Number of protein chains: 2
Amino acid sequence: MANQAKPSTGEQAKQHALAQLRQAILGGEMSPAQRLVENELAEQFGVTRASVRAALIDLAGEGLVERIPNRGSRVRVVTVEEAVAITECRMVLEGLCAAKAAVEATDDQLTELAEIGTAMGKAVADGEPMTYSGLNQELHAKIRQFSGQQVAVELLERLNAQLVRHRFQLSLRPGRPQQSVNEHLAMIEAIRARDPQAADAAARAHLASVIDALRE
Amino acid sequence: MANQAKPSTGEQAKQHALAQLRQAILGGEMSPAQRLVENELAEQFGVTRASVRAALIDLAGEGLVERIPNRGSRVRVVTVEEAVAITECRMVLEGLCAAKAAVEATDDQLTELAEIGTAMGKAVADGEPMTYSGLNQELHAKIRQFSGQQVAVELLERLNAQLVRHRFQLSLRPGRPQQSVNEHLAMIEAIRARDPQAADAAARAHLASVIDALRE
DNA sequence: GCGAACAAGATTGTCAACGATTTCGTTCAC
DNA sequence: GTGAACGAAATCGTTGACAATCTTGTTCGC
């Protein structure tokens, strides 16, 4: 059971525990609403309870775990309503990023986006939903990056981390990639055309569609 | 110098320290970039270093303090560029909230907004910038609240907390309230008219104007 | 048999002391 | 006089133990 990774020198124990825990939660190794007992985690990661504690406080700030005073921590479960609310926020923030990216991105970066677009088309045509899901992530990440809007990037990464479980469920839905790919291509085209308004509209339209899909 | 408040029973030491520290930072009692030494704060608040430490980790998650490994914590300074980026995010998020508030708010709540609007007009006419600033805060808070968008509310409160220093500086600028009040009234009118698109546009226009003012 | 008081176990919150790292002032060689 | 090496002070990171709190299972009275 011991999941011990090397406590390599120079790496602070707390950051070690933080990385391990975050990875475990994001990787889906923790069941939803699972209790996170400080002592168990400390032994599992080979660090002291204080380090685990600090990591848990950090993760609570990121919204990945829920801490109740004197009653411990657990993996936070995101209801469908919350997922919708989160995606609404993503909608406007990614719209902002797309608009800024349309203005700020270099020509090389626009080429990168185009390449991801063709790869996405291929993945859908080949019927590889997992590949598509990865490209999806990559595309959104690159658009965020190219916008140069650091604050929005941080907010979006925080929000995205809370959606791991829902995203999984969504990308495996039959027919979903086929619809989604066109919306993504529209975003890419608008950004490559350096049209901020169109980029914002395309990003919003895409995430509005995601919201519809989330609601089933 | 001892700022000791009662360590009232039932109140956890960490939360006590957290509240004290947050208030001190938001209240402007800490100079920008001031070093926050754990031992000093522990003695000042009458709690142990571990509690102060936990509080500092929390505040770092909120973006109010900056923590550098092995080198301590300090009050985070928000540059003008960062303030602009934060306000850009506020722009789209408050637009979302205004649009949702236009749909979701009850008639009673719309009346509350109208009352704040008239009070703002009076404060400007009477030349009371501090009263106006308070009403400003109150108006934005109420619109957020009425939107029912809990995720956006939390993000906006976090972002707003980082702007205390800049907000201060801005509201005392001569002529600024006069321009700002009209934008606020436009927002209120759009929401009262239950027009989501107009509400979004008005909120964005207002914060775009704030961005211009921030850049001087 | 049922519910409330009680006690034992588990878990988190707090504490004081120790060890590691960084910073800053001093000294020494050139 | 300048710069690097050294060392002391300050501060953060970590540790193990103790206290407070909550949960759970049991017992007692009715």
Side-chain angles (χ1 to χ4, degrees), chain A residues 1-22 24-25 30-62 64-77, chain B residues 1-22 24-25 30-31 33-62 64-76:
Chain A
M1 181 72 82
N3 199 1
Q4 223 116 293
K6 55 181 177 302
S8 61
T9 58
E11 189 182 47
Q12 305 258 29
K14 175 218 159 185
Q15 304 220 344
H16 178 68
L18 186 71
Q20 292 264 329
L21 242 178
R22 187 186 282 124
I25 295 175
M30 303 289 195
S31 342
Q34 176 170 345
R35 283 199 66 190
L36 299 172
V37 179
E38 298 179 358
N39 259 327
E40 292 177 8
L41 297 174
E43 193 173 356
Q44 190 173 341
F45 296 150
V47 298
T48 52
R49 204 160 70 86
S51 303
V52 172
R53 219 176 148 66
L56 285 172
I57 294 177
D58 254 20
L59 290 173
E62 295 179 26
L64 288 180
V65 314
E66 196 175 15
R67 275 172 66 77
I68 306 172
N70 287 317
R71 296 187 51 184
S73 312
R74 53 179 61 197
V75 185
R76 196 169 91 93
V77 288
Chain B
M1 183 69 84
N3 199 2
Q4 222 116 291
K6 57 183 176 302
S8 62
T9 57
E11 191 180 46
Q12 305 261 25
K14 174 218 159 185
Q15 304 221 343
H16 178 68
L18 185 73
Q20 293 264 329
L21 242 179
R22 186 186 283 124
I25 294 176
M30 304 289 195
S31 341
Q34 174 169 347
R35 284 200 63 191
L36 299 172
V37 179
E38 298 180 356
N39 258 327
E40 291 177 8
L41 297 174
E43 193 173 357
Q44 190 173 344
F45 297 148
V47 298
T48 52
R49 208 160 68 89
S51 303
V52 171
R53 216 176 151 66
L56 285 172
I57 294 176
D58 253 20
L59 291 173
E62 295 179 26
L64 288 180
V65 314
E66 197 175 13
R67 275 172 65 77
I68 305 172
N70 287 317
R71 297 186 50 184
S73 312
R74 52 178 61 199
V75 182
R76 202 182 134 224

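Sequence lines set the chain letters: A, B, ... in the order given, protein chains first and strands last, and positions in each chain run from 1. Please read all numbers here as calculations on a predicted model, not as lab measurements.
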- Query: What nucleotide among D:dT11, C:dT11, C:dG13 has an atom nearest to a side-chain atom of A:Glu38?
  - Reply: C:dG13

- Would you say the side-chain atoms of B:Glu62 pair up with the backbone N or O of B:Leu59, donor to acceptor, closer than 3.5 Å? no

- Note on the structure: The reported gap from CZ in B:Phe45 to NZ in B:Lys14 (rounded to nearest 0.5 angstrom) is 14.5 Å

- Given atom CZ of A:Arg35 and atom C1' of C:dA10, what is their separation to the nearest angstrom? 8 Å

- A:Arg53 side, atom CZ; B:Ile57 side, atom CD1 - distance, nearest 0.5 Å: 9.5 Å

- Residue-level proximity of residues 65-74 of chain A to DNA chain D when a heavy atom falls under 4.0 Å: A:Asn70, A:Arg71

- Return yes if some donor-acceptor pair links the side-chain N/O of A:Gln44 with the main-chain N/O of A:Leu41 below 3.5 Å, else return no. no

- Query: Starting at CZ of A:Arg53 and ending at P of D:dG16, how long is that distance when rounded to a whole Å?
  - Reply: 16 Å

- Does A:Arg67 have any salt bridge (charged side-chain N to carboxylate O under 4.0 Å, His left out) partners at least two apart in sequence or in another chain, and if so, which? A:Glu38

- Message: What's the separation between atom CG in B:Asp58 and atom CG in A:Asp58, rounded to the nearest 0.5 Å?
- Response: 8.5 Å

Check: protein-nucleotides 15-18 of chain C nitrogen or oxygen pairs below 3.5 Å:
{"from": "C:dC15", "atom 1": "OP2", "to": "B:Thr48", "atom 2": "N", "distance (Å)": "3.2"}
{"from": "C:dC15", "atom 1": "OP2", "to": "B:Thr48", "atom 2": "OG1", "distance (Å)": "2.5"}

- Separation of atom CD in A:Gln15 from atom P in D:dC12, rounded to whole Å: 16 Å

- Rounded distance [0.5 Å steps], CG in B:Leu21 versus CG in B:Leu64: 9.5 Å

- Message: Without decimals, in angstroms, what is the distance between B:Asn39 CG and D:dG13 C1'?
- Response: 13 Å

- Item | A:Phe45 CZ to D:dT14 C1', straight-line distance once rounded to whole Å | 18 Å

- Once you round to the nearest 0.5 Å, how far does CD of A:Gln20 lie from CD1 of A:Ile25? 12.0 Å

